[in-house]
Amino acid sequence: MAKVPNRRKSGGSPELSSRIAQLCSCMWGGNKARMAKDIGVSQAVLWKVVEGGQAPPGKLIEVLARWPSVNLPWLFRGEGKLNEADSGQGIPIPIAKQILPGPPDNHQMNLSGEMFSLTANFFRPTRYWHEIQPGDPVLRSSGLRLRVRDLLLMETDPRVFPDKERLDDELCGVNIVVNRAQKLKLGLVHYKPGNEESGPARIEVDTFDLGVDPSEVRRKVTSVEFRGGVRNVETLYRLERSPTTGKLVEIELGQLDLQPNLLLPTIAYEDIVCVCVFMVRRSPAEN
């Protein structure tokens, strides 16, 4: 039987797949799902390139070639640095160390005075960089994998925000009421369509400062007797490793009747003041 030749992982260019993996790590914090969503390719395709070293399809190369701050000589030949901004190219964009309530030109007193460059085809005067600060609640999110000094490009023009129904874990600056006071916070925004089980349609926001990260919450439903009848009760818990046995144990967070679960606060669409376009990694790699 003839021997089947080994298939090359990346069509003769494993370095290109490796650089795309570096791009995912530096600009999306290694979050392949978010990168795939942002650039408009399937997660399966991106996974095969980043994790499997397979040859990137033409659409993926075309999108990345147009992506802001990507240095094309670095992407295709490994020359220079990953970010065009590091090579002195592009348009300087102002940096703010807090979420702004509107366009940067209207809130110059809230800018840090620092700049970071962006390629001209992605420049808009309504955009600014938000720099992640030490102690920011968003650092608690294991899914986003943001680090101190990472930059988020924020768009403040509501005319280009995603439609309400298309808000699917979008990182946004939002107006939210905290202890009866209005505050600007960075949050992960998601639209929940209404139905009989979940209740009316709403926009939920995770501002990363709840006592428990919602991504860690698990639920189980049990039937209990109540006033001669039976009703379903939902128990909330998270898994935590026991310091003595090393095994995962359930830490109960409380019980709720099986009703629409509003662990996360809700906002109106008009409460969104800016939307993150993409992220740029500036902090050093973790050890």
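Residues take their numbers from the sequence shown, with the count starting at 1. Please read these numbers as outputs of a predicted model, since none were measured by experiment.
- The same ILVMFWY cluster, assembled from side-chain heavy atoms under 4.5 Å apart, contains both Ile91 and Leu72.
- Remark: the backbone N or O of Pro103 is not paired with any side-chain donor or acceptor of Asn106 at under 3.5 angstrom.
- For the side chain to side chain contact (heavy atoms under 4.5 Å, CB included) with Val273, the lone residue among Leu100, Val174, Thr156, Asn175 that qualifies is Asn175.
- Between the CG atom of Leu139 and the CG atom of Leu146 there is a distance of 7.0 Å, given to the nearest 0.5 Å.
- Side-chain N or O atoms of Asp136 include none that pairs as donor or acceptor with a backbone N or O of Val138 at under 3.5 Å.
- Under the 4.5 Å side-chain heavy-atom criterion for Ile, Leu, Val, Met, Phe, Trp and Tyr, Val205 and Tyr269 are members of the same hydrophobic cluster.
- How far CZ of Phe116 is from CZ of Arg149: 9.0 Å, rounded to the nearest 0.5 Å.
- Considering CZ of Phe278 and CG of Leu153, their distance stands at 5.0 Å, rounded to 0.5 Å.
- Glu155 and Thr126 are linked by a side-chain donor-acceptor pair at a separation below 3.5 angstrom, with hydrogens and angles left out of the test.
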### Task
Go through the steps to decide whether Tyr128 and Asp105 satisfy the test side chain to side chain contact (heavy atoms under 4.5 Å, CB included), and finish with yes or no.
CA-CA 10 Å; Tyr128 69 94; Asp105 285 348; over 6 Å; no

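- Applying the side chain to side chain contact (heavy atoms under 4.5 Å, CB included) test between Glu131 and each of Leu152, Leu151, Val148 identifies Leu151 as the sole match.
- Side chain of Arg145 to backbone of Asn31: no donor-acceptor contact under 3.5 angstrom is found.
- Put simply, the side chain of Arg127 never gets that close to the backbone of Met154: no donor and acceptor are under 3.5 Å apart.
- The shortest distance between side-chain heavy atoms of Ile61 and Phe76 falls below 4.5 Å.
- Between the side chain of Trp129 and the backbone N or O of Met115, no donor-acceptor pair lies under 3.5 Å.
- Atoms CD and CD1, from Glu62 and Ile39 in turn, are 11.5 Å apart once rounded to the nearest 0.5 Å.
- Note: His130 NE2 to Ile95 CD1 = 11.0 Å, rounded to the nearest 0.5 Å.
- At a threshold of 4.5 Å between non-hydrogen side-chain atoms, the residues Val45 and Ser42 count as touching.
- Panel note: side chain Thr207, backbone Lys185; no donor-acceptor pair is recorded below 3.5 Å.
- Contact of the Arg147 side chain with the Arg281 side chain is registered, since non-hydrogen atoms from C-beta on lie closer than 4.5 Å.
- Using a 4.0 Å cut-off between a side-chain N of Lys or Arg and a carboxylate O of Asp or Glu, Lys37 and Glu170 qualify as a salt bridge.
- Panel note: side chain Asp38, backbone Met35; no donor-acceptor pair is recorded below 3.5 Å.
- Under the 4.5 Å side-chain criterion, counting only non-hydrogen atoms from C-beta, Ser141 is not in contact with Leu188.
- Contact between Pro104 and Pro125 at its shortest, heavy atoms only, is CG-O, 3.5 Å.
- Under the 3.5 Å distance criterion, the side-chain polar atoms of Arg19 are matched with a main-chain donor or acceptor of Leu75.
- How far NZ of Lys164 is from CD1 of Ile203: 6.0 Å, rounded to the nearest 0.5 Å.
- Contact detail for Leu16 and Pro56: the closest heavy-atom pair is CD2-CG, 3.6 Å.
- With salt bridges taken as basic N to acidic carboxylate O contacts below 4.0 Å, one links Glu114 and Lys97.
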